[in-house]
Amino acid sequence: MSTLAKKVQRELTDAIENDELVLPTLPEVALRVREAAEDPDISIPALSKVIGNDAALTARIIKVVNSPLLRTSREIDDLQMAVSRLGINYTCNLATGLAMEQMFQATTDIVDRKMREVWNKSTEVAAISHVLCRHYTRLMPDQATLAGLVHQIGILPILTYAEEHGALLADSFSLNHVIDRIHPLVGEKILRTWDFPDSIASVAGQYTDFQRNSDSVDYVDIVQVATLQSHLGSQHPYTQLDWNNIPAFSKLGLDPNTLLQEDEDLSAAMDAAMTMLH
């Protein structure tokens with residue numbers, strides 16, 4: 001590990017422990033959606049009004065409801081009908097996750113490119129998580145999707161830090177090393193600060209712990225397997241691990257040696273989920 005990486009890692013870890021790291025704030029629309037979700041009496045028209053203030057998010061929700069994964073017998077082009085078709089909880093989780101994309105923007109080209117990369121990987125992992133959750137567990141696919149969309153949120157403050165420290169930005173090896181080592185710690189801290197439920201907040205902190213073995217299948221397992229699947233066919237270090245020794249696979253009832261892509265139904269579902277989130 002380079003001296004620079006060590007120094008930055010120490011600085012960032014200290015900043016987290018002393019509550020001095022500037023954490024990103026949840027986008028305004030996501031905050032309003034979360035508030036609405038906490039109201040047990042929220043109505044579909046009221047939630048639609050909150051989401052309707054954000055044209056881009058409205059378009060995304062309508063795109064999701066018309067995707068092959070959830071397709072209804074006729075096309076829906078009205079936000080209120082979309083919310084009523086998806087249900088309030090599903091809509092809130094999806095809207096919160098998709099609103100995150102607004103945060104993945106930077107002032108320098110290098111960081112902007114890196115942020116786009118992170119967001120694209122997050123949507124890919126979210127899509128696979130959605131499908132795994134639906135086919136192999138009794139957990140909620142909308143929660144699995146949200147967990148996938150936020151699992152790398154801890155990379156954001158590290159990239160913001162890099163934007164302000166040219167030496168780190170110029171040394172991509174050290175930057176990647178710092179990201180790999182501490183983004184889970186930062187990510188869990190952010191999600192807990194945002195009051196995300198424990199089942200989702202713990203995903204950011206634990207999805208890279210491949211020996212983790214909880215009592216029953218949970219969203220960490222789903223995102224972990226989705227992350228590994230997303231790197232298939234690449235040179236990523238995760239593809240060099242022995243997947244047979246990773247408990248998350250057996251908890252999902254999945255054989256690590258059979259590729260999801262080889263199952264036509266699952267492959268089609270994953271493509272549909274990817275289209276839905278992009």
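All values below come from the heavy atoms of this structure, side chains included, with hydrogens, waters and symmetry mates left out.
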With sequence neighbours excluded, residues passing side chain to side chain contact (heavy atoms under 4.5 Å, CB included) with [X]:
X	answer
N244	D242, P256, N257
A15	E20, L21
A126	T145, L149, L277
A162	L168, L169, L175

Pairwise salt bridge (Lys or Arg N to Asp or Glu O under 4.0 Å) hits with a residue in residues 88-105, at least two apart: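 Residue pairs with at least one partner in residues 88-105: R60-E101.
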
Test item: I190 and V150 side chains (from C-beta on) under 4.5 Å apart, heavy atoms: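 They are not in side-chain contact.
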
Test: D19 and K189 ion pair at under 4.0 Å: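 A salt bridge links D19 with K189.
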
If the condition is side-chain hydrogen bond (donor to acceptor under 3.5 Å, both in side chains), which residues does [X] pass it with, not counting sequence neighbours?
X	result
T108	E163
E35	none
K121	E124, S230

Would you give me the side-chain donor-acceptor pairs under 3.5 Å for residues 112-120, sequence neighbours excluded?
residue : atom : partner : partner atom : Å
D112    : OD1  : A106    : N            : 2.9
K114    : NZ   : N176    : OD1          : 2.8
N120    : ND2  : R116    : O            : 3.3

Test of understanding: with ring-ring contact (aromatic ring centres under 6.0 Å, His included), list the residues that count as partners of [X], not counting sequence neighbours.
X	value
H130	none
H231	H236, Y238
Y207	H151, H183

Hydrophobic cluster membership, I62 vs M274, 4.5 Å side-chain cutoff: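 I62 does not cluster with M274.
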
Over all atoms of both residues, closest heavy-atom pair of A99 and L57: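 Closest approach of A99 to L57, heavy atoms only: N-CD1, 4.2 Å.
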
